[in-house]
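Side-chain atoms are counted along with the backbone in the values below, which use heavy atoms only and exclude waters and symmetry mates. Since the model is a prediction, treat every value here as computed from it, not as a measurement.
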Number of protein chains: 2
Amino acid sequence: MHKEKIPKLTIPRLSLYYRALLESRESAFISSEELSKLTQFSAAQVRKDLTYFGEFGTPGKGYRIVELKEVILKILGTGRQRNIALIGAGNLGLALLAYRGFAVQGFRIVAAFDSNLSKIGKTFEGVLIRGMNELPQVVRNKNIEIAIIAVPANVAQEAVNKVIKSGITAILNFAPIRPKAPKGEEILNIDLSIELERLSYFLKRKSKKV
Amino acid sequence: MHKEKIPKLTIPRLSLYYRALLESRESAFISSEELSKLTQFSAAQVRKDLTYFGEFGTPGKGYRIVELKEVILKILGTGRQRNIALIGAGNLGLALLAYRGFAVQGFRIVAAFDSNLSKIGKTFEGVLIRGMNELPQVVRNKNIEIAIIAVPANVAQEAVNKVIKSGITAILNFAPIRPKAPKGEEILNIDLSIELERLSYFLKRKSKKV
DNA sequence: TAGATTGTTAATCGATTAACAATC
DNA sequence: TAGATTGTTAATCGATTAACAATC
């Protein structure tokens, strides 16, 4: 196994290679050049990314599609189900609950939490909304590994603290803050207003260039 | 004005500096060191990012908070309202419509579109859902500069094509595809399953390390 | 064998960090 | 003036690309 350091962005690229492979059922093999065309990454990039994890290709032929798919699943750890706790059952939270799109990849929201008493006890999409106090036990009982934070900004840090205390180490955060957390936690931030501001910067630049 | 190339990630950092400044009302000046503490970026990074756009600081004192906020607003182009078209009025789309969180920064969804006849004509959060055929005229009449794509994957490329044809150049895409688009379009992808797969990779690694 | 394509090394590119003279 | 902090240059780090020997 290689010991070279793996670039951060290699991982999301692997996901995109996988997606491309799903649509490549025509032949048994695929070359880095073909994967490059499908994903817009360079062929050298494709080969480099893959060799961080082993030698999966056959010179002269390319990569066996069936095998490569299995390999990527294994690398990403998406071969099995991963249980998710949803923190916050507001508009966004409930939309995520209803969005069964990622269930196919094995991700499943198996529990939802809110601090609003009027929501606790209700069921959405077959998932019961519970009070935050139940978090630690439910995490344990349902083998939950990931939390999605979909609460307002002003209570987000508090929510993250509770999630961490419950033993969860992988967090997808939709609240517009950068939560503080100890080492060993992996927090990915999806920050709508920052993305919109990037677009605004792009528009500003464009208008200036005229 | 500097002509050095500006790193891609400088822009989202500027947004985060701005957020930090909003909470710094104690004194008139703030140093790069203090901004560093608030944002977790290095002080050198803070200074470097700012000098791409000019010299705003005073040696020995730091940056005047009021001035720096104005400067960043100006750089990002967020000083004025930016109108948004929402494409897709499903669960996620309607959640975004209801989420007024980014209205404060001047971003406003002023029109929504769907191809589902049962939705067209209805109003959510004061916004009328229209058919896609109305897109070009509404974009013109309402001065829309940004589109948010919140449609299923299988119709996302088609939606993006129509958006581009309507003259919009800045797109925030929530569909799990990488849309193809001509140069001159700025498309930012928010891809839930890819983020979840990154978390899965993290969990996989962690479990191996034990 | 000839042609194709891998895996890998070296070169390049881009971004961050460290250090410090300039300056308020 | 002495102390603090900027703006900038050079060094470092990290990631991507180009090129090609190895190999199926």
Side-chain angles (χ1 to χ4, degrees), chain A residues 1-17 20-21 24 26-69 71-72 75 178 198 201, chain B residues 1-17 20-21 24 26-69 71-72 75 178 198 201:
Chain A
M1 181 66 94
H2 281 243
K3 263 289 103 163
E4 225 180 318
K5 237 181 93 268
I6 297 157
K8 286 264 166 25
L9 291 177
T10 289
I11 305 308
R13 279 196 300 264
L14 288 180
S15 295
L16 292 168
Y17 301 152
L21 291 172
S24 308
E26 281 149 42
S27 61
F29 284 85
I30 191 166
S31 68
S32 59
E33 194 57 57
E34 290 171 285
L35 261 175
S36 166
K37 286 226 180 70
L38 290 170
T39 60
Q40 316 284 357
F41 302 113
S42 76
Q45 179 93 83
V46 171
R47 293 198 298 279
K48 195 114 221 301
D49 281 340
L50 293 174
T51 51
Y52 289 122
F53 302 95
E55 305 189 4
F56 311 116
T58 309
K61 306 197 99 179
Y63 303 87
R64 184 179 291 278
I65 291 177
V66 176
E67 187 195 343
L68 194 51
K69 286 201 286 193
V71 162
I72 295 179
I75 295 168
R178 302 283 138 144
R198 290 169 87 153
Y201 172 77
Chain B
M1 182 64 94
H2 281 243
K3 264 288 104 166
E4 224 179 318
K5 237 182 92 267
I6 297 158
K8 285 263 165 27
L9 291 176
T10 288
I11 305 310
R13 279 196 299 265
L14 288 179
S15 295
L16 292 168
Y17 301 153
L21 290 172
S24 307
E26 279 150 43
S27 61
F29 285 84
I30 191 167
S31 68
S32 58
E33 194 56 57
E34 290 172 285
L35 261 174
S36 166
K37 286 227 180 69
L38 290 170
T39 60
Q40 316 284 357
F41 302 114
S42 76
Q45 179 92 82
V46 171
R47 294 199 297 279
K48 195 111 220 303
D49 282 340
L50 293 174
T51 50
Y52 288 121
F53 302 95
E55 305 189 4
F56 311 116
T58 308
K61 305 197 101 183
Y63 303 87
R64 185 179 291 278
I65 292 177
V66 176
E67 186 195 344
L68 194 51
K69 286 202 285 192
V71 162
I72 295 180
I75 295 168
R178 302 282 139 144
R198 291 169 88 153
Y201 173 76

Kindly write out the residues that satisfy side-chain contact (heavy atoms from CB on, under 4.5 Å) with Lys69(B), not counting sequence neighbours, or none if the list is empty.
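So Lys69(B) forms a side-chain contact (heavy atoms from CB on, under 4.5 Å) with Tyr18(B), Leu21(B), Leu22(B), Arg25(B), Ile65(B).
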
**Message:** Using whole Å, what does the distance between atom C1' of nucleotide dC13(C) and atom CD of Glu4(B) come to?
**Reply:**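 For the pair Glu4(B) CD and dC13(C) C1', the rounded distance is 14 Å.
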
* With a non-hydrogen cut-off below 4.0 angstrom, is Phe29(A) in contact with a base, only sugar-phosphate, or nothing? ->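 Nothing: the residue Phe29(A), judged by heavy atoms under 4.0 Å, touches no strand.
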
How long is the line joining CZ of Arg64(B) and P of dT6(D), in whole Å?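 The distance from CZ of Arg64(B) to P of dT6(D) comes to 14 Å, rounded to the nearest Å.
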
- Length of the line joining Phe56(B):CZ and dG7(D):P, which is rounded to integer Å: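 Rounding to the nearest Å, CZ of Phe56(B) and P of dG7(D) are 9 Å apart.
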
Nucleotide by nucleotide, nucleotides 17-24 of chain D touches protein heavy atoms under 4.0 Å in the pattern (B base, S sugar-phosphate only, - none) BBB---BB

* **Closest to the Lys5(B) side chain, choosing from dA15(C), dT16(D), dG7(C)** =>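 Comparing dA15(C), dT16(D), dG7(C) against the side chain of Lys5(B), the answer is dA15(C).
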
Candidate nucleotides dT16(C), dG7(D), dT8(C), ranked by approach to the side chain of Tyr52(B) - the nearest:
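Looking only at heavy atoms from C-beta outward on Tyr52(B), the closest nucleotide is dT16(C).
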
message: Below the 4.0 Å mark, does dG7(C) have OP1 or OP2 next to a side-chain nitrogen or oxygen of Tyr63(A)?
response: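 Indeed, a polar side-chain atom of Tyr63(A) lies that close.
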
Atom-to-atom span, CZ of Phe53(A) to P of dT6(C) - whole angstrom
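The answer, rounded to whole Å, is 18 Å.
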
- [ ] Can you sort out which residues in residues 30-38 of chain A have a heavy atom within less than 4.0 Å of DNA chain D? Ascending by number, please.
- [x]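 Nucleic-acid contacts, sorted: none.
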
Considering all heavy atoms of both residues, which atom of Ser31(A) and which atom of Glu34(A) are nearest to each other, and what is their separation?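 Closest approach of Ser31(A) to Glu34(A), heavy atoms only: N-OE1, 2.9 Å.
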
Whole-Å distance separating the NZ atom of Lys8(A) from the P atom of dG14(D):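 Atom-to-atom, Lys8(A) to dG14(D), this comes out as 9 Å.
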
Item to check | Residues forming a side-chain contact (heavy atoms from CB on, under 4.5 Å) with Tyr201(B), sequence neighbours excluded | outcome: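 Partners of Tyr201(B) under the side-chain contact (heavy atoms from CB on, under 4.5 Å) test: Ile6(A), Ile11(A), Phe53(A), Ile75(A), Leu76(A), Arg205(B).
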
**Nearest-0.5 Å distance, CD1 of residue Ile30(A) to NZ of residue Lys37(A)** =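 Atom-to-atom, Ile30(A):CD1 and Lys37(A):NZ are 10.5 Å apart.
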
Result block: side-chain N/O donor-acceptor pairs under 3.5 angstrom for residues 41-50 of chain A, not counting sequence neighbours:
from	atom 1	to	atom 2	distance (Å)
Ser42(A)	OG	Gln45(A)	N	3.0
Arg47(A)	NH1	Ser32(A)	OG	2.9
Lys48(A)	NZ	Glu4(A)	OE2	3.4
Asp49(A)	OD1	Thr10(A)	OG1	2.8
Asp49(A)	OD1	Arg13(A)	NH2	3.0
Asp49(A)	OD2	Arg13(A)	NE	2.6
Asp49(A)	OD2	Arg13(A)	NH2	3.4
Asp49(A)	OD2	Tyr17(A)	OH	2.6

Original post:
Is the number of heavy atoms from other residues, nucleotides or ligands within 6.0 Å of CZ (Arg178(A)) greater than 12?
Top reply: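 Above 12, so yes.
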
* To do: Report the distance from atom CD1 of Ile6(A) to atom P of dT16(D), rounded to the nearest whole Å.
  =>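 Computing the Ile6(A):CD1 to dT16(D):P distance gives 13 Å.
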
Discussion item. Could you report the tightest heavy-atom contact between Ala20(A) and Ser24(A), atom names first, then the distance?
Written reply: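 Minimum heavy-atom separation between Ala20(A) and Ser24(A): O-OG, 2.9 Å.
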
Gap between atoms CG and P, on Leu9(A) and dA15(C) respectively (whole Å)
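Distance, rounded to whole Å: 12 Å.
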
Base-pair string, DNA chain C, Watson-Crick plus G-U, cut-off 3.5 Å on both distances, | for inter-strand, is ..||||||||||||||||||||||

- Message: On a heavy-atom basis, which atom in Lys5(A) and which in Tyr52(A) lie closest, and how many Å separate them?
- Response: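 That closest heavy-atom pairing would be O-CE2, 3.8 Å.
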
